[in-house]
Amino acid sequence: MTNRQVIEAAKAHFGTVLEQQLERVERLKQEGDWIDYSSAKPIIIGMIGGDGIGPTISAETQRIIEYLLRAEVDAGRVEFRVIDGLTIENRAALMKTIPDDVLAAIKDCHVTLKGPTHTPEKGDGWPNIESANVSMRKELDLFANVRPVRLPKEGIDWTFFRENTEDLYAVGSQGINVTEDLGVDFRIITTQGSERIIDAAFSHAQRTGKTKVTVVTKANIVKTTDGKFLDVARKVSERYPGIDWDGWYIDLMTAALINPARQKQFEVLVLPNLYGDILTDEAAQIQGGVGTAGSANIGKRYAMFEAIHGSAPRMVQEGRAQYADPSSLLRAGAMMMEHIGFEDTGGKLHKALDICGQYEKKIVMTGRSTGATSKEFGDYLMSTVEDPNVESRWQEYVDAT
Ligand code: IPM
Ligand code: MG
């Protein structure tokens with residue numbers, strides 16, 4: 001093919017991507033209001049096991065969450081449903097990112113709690129289908145990826161609002177090799193998409209008594225799309241006169257997060273998708289590793305809660321699945337309870353996780369037979385969360401220096 005021909009083919013492809021995104025912008029403009037869970041009877045919670053260590057940590061999480069919400073289940077306020085079939089084997093057999101019946105079952109729930117699902121990458125033996133996470137986020141329009149990282153003793157209390165449907169993720173499987181030597185991906189940032197995530201961050205700050213929102217971009221280099229994100233932040237901030245805000249570049253921010261002199265100054269952070277993906281892994285590591293952090297994927301109608309780590313296929317291959325740490329998914333479960341209106345129970349579970357994972361550490365998980373199993377950790381957590389003194393126990397640890 002001549003250069004002219006490859007350019008024409010690439011232009012046609014680019015045209016299709018733009019058409020789809022312009023349609024999407026129109027849909028965003030029509031978006032409805034936030035769902036009110038208090039009128040949902042019952043609130044339906046879907047449990048999705050996932051791949052690799054997923055079924056192990058999901059089983060442990062379900063056991064604990066079902067126990068904590070047992071009174072709500074008995075009173076018909078909450079219903080649990082197990083959704084099977086979101087496994088890499090089934091997805092590969094059907095060549096579907098999310099099989100139709102699984103998607104329908106998910107849409108019958110209000111919220112889901114999902115174990116990690118394997119994301120195929122070139123050469124790993126699985127067909128190169130899109131990540132189930134990414135697809136679910138797009139399909140259910142779960143635009144806010146909320147990731148808290150807390151180290152109460154160090155005075156760290158961060159909440160990341162990672163945009164979840166745009167940026168390099170929006171059309172990540174629609175990039176093109178224009179020629180054998182020239183690859184192009186597309187980065188999508190829209191006014192509407194930026195506005196709703198930035199507004200969610202500011203409104204969270206206001207609701208929770210925080211005083212500052214930090215907007216993270218690389219707008220000095222990525223001028224058009226990050227520039228738009230920052231412009232929108234400027235506009236949204238005007239609606240929140242009581243909240244301060246500042247802008248940081250992503251590179252310096254990765255340094256600031258591990259700088260003890262800076263760490264405490266951040267409260268709520270809002271950022272485009274890929275920066276958010278990277279920065280929240282770093283933040284989770286500061287808290288004790290990606291196994292300790294939960295993640296909420298929130299949209300106006302649906303919400304999905306998950307661990308921030310992957311399915312750890314190597315642990316399964318090496319026969320270590322039973323040693324997988326369920327903390328991350330339990331954190332997600334605590335966030336889910338808070339999100340659907342059970343703030344007290346969710347808050348207690350967070351505190352029990354702080355005690356067991358950060359302070360008391362009577363049982364330690366190492367991911368292998370040198371440490372505790374998922375079930376043993378679950379038992380430890382259960383006895384902690386059941387303790388009527390869990391709150392004061394937590395306070396004692398936080399106060400002790
Ligand atoms: C995350 C994960 C996912 C992402 C992967 C598994 C697709 O890293 O939730 O942060 O990149 O968003
Ligand atoms: Mg990630």
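Just so you know, ligand 1 is whichever comes first in the structure, and atom 1 is the first atom listed for that ligand.
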(request) Show your reasoning for whether side chain to side chain contact (heavy atoms under 4.5 Å, CB included) applies to Ser203 and Tyr240. (result) CA-CA 8 Å; Ser203 119; Tyr240 297 88; 3.4 Å; yes
(request) Mark yes when over 12 heavy atoms from residues, nucleotides or ligands other than Arg239 sit less than 6.0 Å from its CZ; otherwise mark no. (result)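 It does: Arg239 CZ has more than 12 such atoms within range.
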Quick test: of every protein heavy atom, which one is nearest to [atom], and how far off is it to 0.1 Å?
| atom | value |
| --- | --- |
| atom 1 (C) of ligand 1 | Arg147 NH2, 3.3 Å |
| atom 7 (C) of ligand 1 | Ser131 OG, 3.5 Å |
| atom 11 (O) of ligand 1 | Tyr169 OH, 2.6 Å |

(request) Specify which N/O/S atom of Asp277 comes nearest to the Mg ion (ligand 2), by atom name. (result)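 For Asp277, the N, O or S atom at the smallest distance from the Mg ion (ligand 2) is OD1.
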Taking distance alone, with no angle check, do [X] and ligand 1 share an N/O pair under 3.5 Å?
| X | result |
| --- | --- |
| Asp277 | yes |
| Glu306 | no |
| Thr119 | no |

(request) Test Asp141 against every option in Arg196, Lys107, Arg301, Lys300 by the salt bridge (Lys or Arg N to Asp or Glu O under 4.0 Å) rule and name the one that passes. (result)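 Among Arg196, Lys107, Arg301, Lys300, the one that satisfies the salt bridge (Lys or Arg N to Asp or Glu O under 4.0 Å) with Asp141 is Arg196.
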(request) For Met335 and Pro148, work out which heavy atoms get closest and say how close. (result)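 Smallest interatomic distance, heavy atoms only, reads CE-CD, 3.3 Å.
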(request) May I ask you to check whether Trp245 and Phe202 place their ring centres under 6.0 Å from each other? (result)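 Here the rings of Trp245 and Phe202 have centres that are no less than 6.0 Å from each other.
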(request) Examine His204 together with Phe161 and report whether their ring centres are nearer than 6.0 Å. (result)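 Yes, close enough.
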(request) Would you check if the Mg ion (ligand 2) lies under 2.8 Å from any N, O or S atom of Asp281? (result)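 It does not; every qualifying atom lies at 2.8 Å or beyond.
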(message) Residue-level breakdown please: for Arg162 versus ligand 1, do any non-hydrogen atoms fall below 4.0 Å on the side chain, on the backbone, on both, or on neither?
(response)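 Under 4.0 Å from ligand 1, Arg162 contributes side-chain atoms alone.
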(message) Below a 4.0 angstrom heavy-atom separation, can you tell me which part of Arg137, side chain or backbone, both or neither, approaches ligand 1?
(response)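 The answer is the side chain.
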(message) So, 4.0 Å and heavy atoms of Glu130: is ligand 1 close enough to count as a contact?
(response)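 No.
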(request) Look at the side chain of Lys153 and the backbone N and O of Asp399, then say whether any donor-acceptor pair between them is shorter than 3.5 Å. (result)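 Checking the backbone N and O of Asp399 against the side chain of Lys153, no donor-acceptor pair under 3.5 Å is found.
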(request) Report the distance from atom CG of Asp167 to atom CZ of Arg162, rounding to the nearest 0.5 Å. (result)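 The CG atom of Asp167 sits 9.0 Å away from the CZ atom of Arg162.
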